Amino acid sequence: MTTQIGVSFDGSLDEDSIWTWCSRVIATFSCSGEKEVNLAVEDAKAAFKIWRQKSGLERGRILLEAARIIRERTDEIATVESINNGKSILEARLDIDTSWQCLEYYAGLAGSMAGEHIQLPGGSFGYTRREPLGVCVGIGAWNYPFQIASWKSAPALACGNAMVFKPSPFTPVTALLLAEIYTEAGAPPGLFNVVQGGGATGQLLCQHRDVAKVSFTGSVPTGTKIMEAAAKGIKPVTLELGGKSPLIIFADCNLENAVKGALMANFLTQGEVCCNGTRVFVQKEILDKFTEQVVQQTQRIKIGDPLLEGTRMGPLINRPHLERVLGFVKGAKEQGAKVLCGGDPYVPEDPKLKDGYFMRPCVLGNCRDDMTCVKEEIFGPVMSILSFDTEAEVLERANNTAFGLAAGVFTRDLQRAHRVVAELQAGVCFINNYNVSPVELPFGGYKKSGSQPVGIVTAQNRGASREGFGRENGRVTIEHYSQLKTVCVEMGDVESAF
Ligand SMILES: NC(=O)c1ccc[n+]([C@@H]2O[C@H](COP(=O)([O-])OP(=O)(O)OC[C@H]3O[C@@H](n4cnc5c(N)ncnc54)[C@H](O)[C@@H]3O)[C@@H](O)[C@H]2O)c1
Ligand SMILES: O=CCc1c[nH]cn1
């Protein structure tokens with residue numbers, strides 16, 4: 001089967017390919033079926049045999065070389081990513097930066113993977129070995145194609161695993177560049193394999209008996225299917241899912257920073273960001289001032305050709321998604337929200353861009369907690385502003401969601417900031433900033449965004465979610481890509497019970 005992709009790549013970067021976010025097909029690929037998936041897993045198994053024998057330091061050296069190549073080729077990869085996804089070139093470069101930084105980080109940790117030595121009676125002893133899992137599968141969403149492939153593969157490879165990666169069919173291109181780079185850096189052929197396809201290919205990967213683990217980034221409904229498939233094979237999963245995160249702005253904040261923070265929380269990558277703080281709770285005293293400034297700055301966002309240096313917002317991923325996002329705005333109006341700016345299709349002056357999937361970033365006022373736009377993940381450039389009076393009230397409302405990916409708070413009162421984040425049911429919290437993603441810090445959600453509360457959430461266990469469905473980045477991810485072997489060594493004779 002051949003799938004056609006709306007925003008895609010024809011292999012050249014000539015003048016014409018700059019104008020391709022307009023439903024022009026510029027790449028086709030065949031979806032991998034059972035045969036191709038088996039082949040990719042077989043190749044990965046062969047590479048794993050070689051890779052697992054290398055010391056951490058040796059693996060780290062290859063990852064470092066891959067990081068160096070990515071860094072050297074940042075502009076080129078960012079350009080392809082911008083064509084692949086539609087995000088602005090400025091943002092695409094930042095994604096490539098956090099990608100090579102991730103490889104560098106895990107290259108550094110690879111040599112430090114170690115077990116313990118435990119003394120036992122009579123001179124006997126035990127030790128533990130931290131071992132790789134085997135062939136891991138990575139399945140990506142379309143919003144951060146290169147970054148997701150890097151964030152999944154770097155810790156997997158650092159721990160001695162191989163990976164078969166399936167990008168989203170909407171953004172199939174840049175994962176291939178990463179595969180080429182790993183090979184060029186000295187990884188055994190097949191260590192990082194890319195298969196193309198949609199849900200059916202993803203299912204084949206998850207069900208494959210030789211796959212040891214699945215790391216998935218995408219929506220909650222697909223995450224549920226992946227968990228079901230993995231459960232049948234008793235495979236560990238990492239799930240990085242959707243969100244509807246709160247951003248809480250207290251009256252004592254630095255207003256200028258809070259306004260900038262709200263834009264960062266809502267409009268990066270056309271609003272197609274899992275951890276976006278789309279429920280913006282503003283304390284009543286500053287509601288009007290904050291709203292006025294947010295609207296002013298939102299209206300200044302330059303929309304257009306994402307490859308131009310001045311552009312800050314490109315087209316959405318595809319026509320159905322654009323229509324879905326516009327539908328949320330329409331529904332919000334019907335439910336009583338006020339469109340303060342944007343929320344309509346945008347047609348750039350350049351005739352070559354006229355069929356692009358552009359829309360004006362939208363700020364909604366008069367929002368209530370029961371509105372669909374406030375409850376559901378929109379995954380587009382739509383900010384909902386809600387007002388609040390007290391800290392206790394806003395905490396209750398902020399946590400009143402099945403999601404738990406991220407949350408933010410702007411205040412000058414640092415005691416309040418820490419008190420509030422301790423109560424927020426979210427895996428990633430920001431104080432006086434939003435949507436910064438240093439690779440040294442673990443990234444992942446609570447609740448339906450990727451982890452599970454311990455039983456029923458009560459005042460006592462609130463925030464005590466385990467990172468049972470994994471994390472990306474940070475030291476903790478090593479544990480999700482490795483397993484512990486205990487070795488018990490007898491130094492005396494066997495004391496038999498028989
Ligand atoms: N938490 C995070 O880190 C994070 C990051 C980016 C995106 N997301 C979430 O991703 C969603 C948007 O991305 P999307 O539309 O690509 O998500 P999606 O769930 O539709 O698809 C994600 C990936 O899963 C594959 N897939 C679909 N059905 C499958 C199946 N049955 N088995 C295996 N694989 C299958 C798709 O082909 C794609 O590669 C949003 O909800 C967003 O919040 C989360
Ligand atoms: O979409 C979510 C993943 C992410 C967040 N920031 C950078 N990448």
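Every number for a ligand or one of its atoms is a count from 1 in the order of the listing. Numbers for residues simply follow the sequence, beginning at 1. All values reported here derive from a predicted model rather than from experimental measurement.
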In plain terms, say whether [X] and [Y] are close enough for a salt bridge, that is, a side-chain N and a carboxylate O under 4.0 Å apart.
{"X": "R93", "Y": "E309", "answer": "yes"}
{"X": "D370", "Y": "K375", "answer": "no"}
{"X": "R68", "Y": "E72", "answer": "yes"}

Side chain, backbone, both or neither: the part of E377 lying under 4.0 Å from ligand 1 by heavy atom: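 Under 4.0 Å from ligand 1, E377 contributes side-chain atoms alone.
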Proximity of L241 to ligand 1 by residue part, where a heavy atom lies under 4.0 Å: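 The part of L241 near ligand 1 is the backbone, not the side chain.
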For ligand 1, is [X] a contact, meaning one of its heavy atoms is under 4.0 Å away?
{"X": "F379", "value": "yes"}
{"X": "P167", "value": "yes"}
{"X": "G450", "value": "no"}
{"X": "F216", "value": "yes"}
{"X": "G445", "value": "no"}

Stepwise side chain to side chain contact (heavy atoms under 4.5 Å, CB included) check, L178 with I70: CA-CA 8 Å; L178 184 62; I70 296 171; 3.8 Å; yes
What protein heavy atom lies closest to [atom]? Include the residue and the distance to one decimal.
{"atom": "atom 2 (C) of ligand 2", "value": "C274 SG, 2.2 Å"}
{"atom": "atom 36 (C) of ligand 1", "value": "K166 NZ, 3.7 Å"}
{"atom": "atom 32 (N) of ligand 1", "value": "Q203 NE2, 3.2 Å"}
{"atom": "atom 23 (C) of ligand 1", "value": "G140 O, 3.3 Å"}
{"atom": "atom 5 (C) of ligand 2", "value": "C275 SG, 3.5 Å"}
{"atom": "atom 9 (C) of ligand 1", "value": "G218 O, 3.1 Å"}
{"atom": "atom 6 (N) of ligand 2", "value": "S437 OG, 3.2 Å"}
{"atom": "atom 13 (O) of ligand 1", "value": "A141 CB, 3.4 Å"}
{"atom": "atom 8 (N) of ligand 2", "value": "Q147 OE1, 2.8 Å"}
{"atom": "atom 17 (O) of ligand 1", "value": "S219 N, 3.5 Å"}
{"atom": "atom 2 (C) of ligand 1", "value": "C274 SG, 3.2 Å"}
{"atom": "atom 16 (O) of ligand 1", "value": "W142 CD1, 3.1 Å"}

Can you name the atoms of ligand 1, numbered from 1 with element, that are less than 4.0 Å from a heavy atom of [X]?
{"X": "F443", "result": "3 (O)"}
{"X": "K225", "result": "31 (N)"}
{"X": "G202", "result": "32 (N), 33 (C), 34 (N)"}
{"X": "L405", "result": "1 (N)"}
{"X": "G242", "result": "41 (O), 43 (O)"}
{"X": "I226", "result": "33 (C), 34 (N)"}
{"X": "P169", "result": "37 (O)"}
{"X": "N143", "result": "6 (C), 7 (C)"}

Check against side chain to side chain contact (heavy atoms under 4.5 Å, CB included), H418 and I431: CA-CA 8 Å; H418 294 292; I431 295 177; 3.8 Å; yes
Shortest non-hydrogen contact from [X] to [Y]?
{"X": "L241", "Y": "C274", "value": "O-CB, 3.9 Å"}
{"X": "L395", "Y": "V420", "value": "CD2-O, 3.9 Å"}
{"X": "P306", "Y": "T311", "value": "CA-CG2, 4.0 Å"}

Contact atoms of ligand 2, heavy-atom distance to V273 under 4.0 Å: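 So the atoms of ligand 2 that pass are 1 (O).
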Ligand-side contact atoms (ligand 2) for residue partner N143, heavy atom cut-off under 4.0 Å: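 In order of numbering, the contacting atoms are 1 (O).
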The single option from W142, Y357, F170 passing ring-ring contact (aromatic ring centres under 6.0 Å, His included) against H321: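 Among W142, Y357, F170, the one that satisfies the ring-ring contact (aromatic ring centres under 6.0 Å, His included) with H321 is W142.
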Y481 six-ring face occupied by K152 cation (under 6.0 Å, within 45°):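 Judged by the rule (NZ or CZ under 6.0 Å from the ring centre, within 45° of its axis), K152 is not positioned above Y481.
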Residue portion contacting ligand 2 (non-hydrogen atoms closer than 4.0 Å) for E240: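 It is neither part, as no heavy atom is under 4.0 Å.
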Worked verdict on V280 versus N266 for side chain to side chain contact (heavy atoms under 4.5 Å, CB included): CA-CA 9 Å; V280 182; N266 279 273; 3.8 Å; yes
Within 6.0 Å of CZ in R397, more than 12 heavy atoms from elsewhere: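 Correct, the count exceeds 12.
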Nearest candidate to atom 20 (O) of ligand 1, where distance is taken over non-hydrogen atoms, out of I139, T222, T217: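 Comparing heavy atoms across I139, T222, T217, the nearest one to atom 20 (O) of ligand 1 lies in T222.
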Heavy-atom check, side chain of T401 versus side chain of R279, under 4.5 Å: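 Yes, at least one pair of side-chain atoms sits under 4.5 Å.
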Check: R73 and I181 side chains under 4.5 Å, non-hydrogen atoms: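 They are in side-chain contact.
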Side chain to side chain contact (heavy atoms under 4.5 Å, CB included) between T238 and R471, worked out: CA-CA 7 Å; T238 291; R471 285 288 178 270; over 6 Å; no
From R360, M359, K330, residue fulfilling side-chain contact (heavy atoms from CB on, under 4.5 Å) relative to D344: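 Going through the options one by one, the only one that passes is R360.
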S153 and Y182 side chains, donor-acceptor separation under 3.5 Å: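 Distance-only check passes for Y182 and S153.
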Check: T174/N84 side-chain N/O donor and acceptor closer than 3.5 Å: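 The answer is yes; a qualifying pair exists.
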